[in-house]
Amino acid sequence: MTAWSYSSIKTFEQCPKKYFHLKVVKDVKDEAGPAAQYGTDFHEAAELFIKDGTPIPPKFKQYASVVEALANFPGKKHTELKLGVRKTDTGYEPCGFFAKDVWWRGIVDLLIVNGKTAHMIDYKTGKNAKYADMKQLDLMAGAIFTHFPEVMKIKSGLAFVVSNEFPRKTHAAVQRDDYLSVFDKQLDQLDAAMDSGVWNPKSGPLCGWCPVVKCEHHRPRR
């Protein structure tokens, strides 16, 4: 199976046909809209502030206190940390983000390592935390335990900066393999689609925003 990420498996879960066109034949592109660009810009602003003190741009000043608080946490800080994990017959191993045999790859927005304890933050610029997916934190925690074997506990959180919500979870190193297997069911389904060549479309509320216009479920945005 090709390397996967949280976003790619969520795309497959949303619609196998969309995944096929975006990730397999790559005959369409999912262009970033204004909301996605806003999120990208905030991630960059937070990274630069924590890494070298670059002032937060005026358009994000309402979130400055959140970023400043994180910057004051004790420990070694890693921003936009690219991690890769390979899966072997004996288990999971750390590898480079672009390694030829990478199994999973992801980017940690902010990791703060302080001895055996770490804090891991994923920034969100959505309106609220109603659809927060804690499995994303599980995956990241599993990868961090793989790359930082000295870390025994991770205090993880999804920082919804717009709504000032912070869904959180504490992860333990002894459960590392469980965290890395949270999407095994979906990965099995993806493998089956790869083998059979069957990529069934799914109808949903986001069909109007899908770049796969040649689909029975595509409809104009309202």
Side-chain angles (χ1 to χ4, degrees), residues 5-11 13-14 29-84 97 104-145 147-148 151 153-171 179 182-183 205-206 208-211 221:
S5 65
Y6 172 77
S7 62
S8 70
I9 202 64
K10 293 300 288 184
T11 296
E13 195 174 39
Q14 179 191 25
K29 290 185 178 181
D30 204 356
E31 301 293 341
Q37 188 59 54
Y38 185 85
T40 298
D41 292 344
F42 173 78
H43 277 70
E44 182 179 7
E47 177 189 12
L48 292 176
F49 178 83
I50 291 174
K51 188 161 61 175
D52 56 26
T54 300
I56 299 291
K59 71 175 180 178
F60 298 126
K61 65 179 181 179
Q62 65 269 41
Y63 315 134
S65 60
V66 175
V67 181
E68 290 168 358
L70 293 172
N72 289 328
F73 270 50
K76 171 68 175 178
K77 296 175 180 65
H78 305 266
T79 57
E80 299 300 313
L81 178 63
K82 293 182 173 65
L83 298 177
F97 190 80
W104 171 90
R105 57 168 63 104
I107 302 175
V108 180
D109 292 344
L110 175 61
L111 174 66
I112 306 172
V113 179
N114 189 11
K116 294 183 178 181
T117 300
H119 289 82
M120 184 255 291
I121 307 298
D122 191 89
Y123 304 119
K124 299 294 183 184
T125 52
K127 293 181 179 179
N128 56 61
K130 182 178 180 180
Y131 300 107
D133 186 356
M134 305 306 282
K135 287 184 179 181
Q136 182 178 12
L137 293 180
D138 292 340
L139 280 174
M140 292 296 189
I144 291 167
F145 287 131
H147 280 262
F148 297 83
V151 173
K153 180 172 69 174
I154 302 173
K155 296 181 179 180
S156 310
L158 298 172
F160 284 80
V161 296
V162 174
S163 59
N164 196 28
E165 295 175 273
F166 196 70
R168 64 191 72 195
K169 185 173 183 179
T170 298
H171 295 89
Y179 302 140
V182 290
F183 282 105
L206 298 179
W209 283 262
C210 181
R221 300 180 194 178

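Along the sequence shown, residues carry numbers from 1. Source: prediction; values computed, not measured.
Every residue meeting the side-chain contact (heavy atoms from CB on, under 4.5 Å) condition with His119, not counting sequence neighbours, appears here in chain and number order: Phe73, Ile112, Lys155. For Tyr6, the side chain to side chain donor-acceptor pair (under 3.5 Å) partners at least two apart in sequence or on another chain are Asp133. Qualifying ring pair (Phe, Tyr, Trp, His ring centres under 6.0 Å) partners for Tyr179, counting only residues two or more places apart in sequence or in other chains: His171. With sequence neighbours left out, the side-chain contact (heavy atoms from CB on, under 4.5 Å) criterion links Thr79 to Glu47, Ile50, Lys51, Leu110. Scored by the salt bridge (Lys or Arg N to Asp or Glu O under 4.0 Å) test, Asp109 finds no partners at all (sequence neighbours excluded). The side-chain contact (heavy atoms from CB on, under 4.5 Å) check on Ala64 picks up Ile56, Glu68, with sequence neighbours excluded. For the side chain to side chain donor-acceptor pair (under 3.5 Å) test, residues two or more places apart in sequence or in another chain that qualify with Asp41 are Gln37, Lys59. Ser5 is linked by a side-chain contact (heavy atoms from CB on, under 4.5 Å) to Ser7, Ser8, counting only residues two or more places apart in sequence or in another chain. Applying the side chain to side chain donor-acceptor pair (under 3.5 Å) criterion to Asp52, with sequence neighbours excluded, gives Thr54. Residues that satisfy the ring pair (Phe, Tyr, Trp, His ring centres under 6.0 Å) test with Phe160, not counting sequence neighbours, are absent from this structure. Checked against side chain to side chain donor-acceptor pair (under 3.5 Å), Asp30 has no partners two or more places apart in sequence or in another chain.
Pairs of residues two or more places apart, or lying in two chains, that qualify as side-chain hydrogen bond (donor to acceptor under 3.5 Å, both in side chains) and include a residue from residues 157-170 are Asp138-Lys169, Ser163-Glu165.
Counting non-hydrogen atoms of neighbouring residues, nucleotides and ligands closer than 6.0 angstrom, the NZ atom of Lys135 exceeds 12 such neighbours.
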Set out, in order, the CA-CA distance, both residues' side-chain angles and the distance that settles ring-ring contact (aromatic ring centres under 6.0 Å, His included) for Phe60 and His43, then state yes or no.
CA-CA 11 Å; Phe60 298 126; His43 277 70; 9.9 Å; no
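A donor-acceptor distance shorter than 3.5 angstrom exists from the side chain of Thr40 to the backbone of Ala36, with no hydrogens or angles considered.
Annotation: side chain of Lys29 is not in contact with side chain of Pro211 (no heavy-atom distance under 4.5 Å). Residues Gln14 and Leu206 form a side-chain contact, since some pair of their non-hydrogen atoms from C-beta on lies under 4.5 Å apart. Two residues are said to be in side-chain contact when any heavy atoms from C-beta on lie closer than 4.5 Å; Phe166 and Val161 fail this criterion. In this structure the side chain of Leu70 reaches within 4.5 angstrom of the side chain of Tyr123, judged on heavy atoms.
Taking both residues in full, the closest heavy atoms of Ala132 and Leu158 are given as CB-CD1, 3.9 Å, listed atom of the first, atom of the second, then distance. Closest approach of Ala159 and Ile121 over heavy atoms only: CB-CG2, 3.9 Å. Residues Phe145 and Val151 share a closest heavy-atom pair of CD2-O, 3.4 Å. For Leu111 against Met120, the heavy-atom pair with the smallest separation is CD1-CB, 4.3 Å. Between Lys82 and Ile107, the closest heavy-atom pair is CG-CG1, 3.9 Å. Between Leu83 and Ala143, the shortest heavy-atom distance links the atoms CD1-CB, 4.0 Å.
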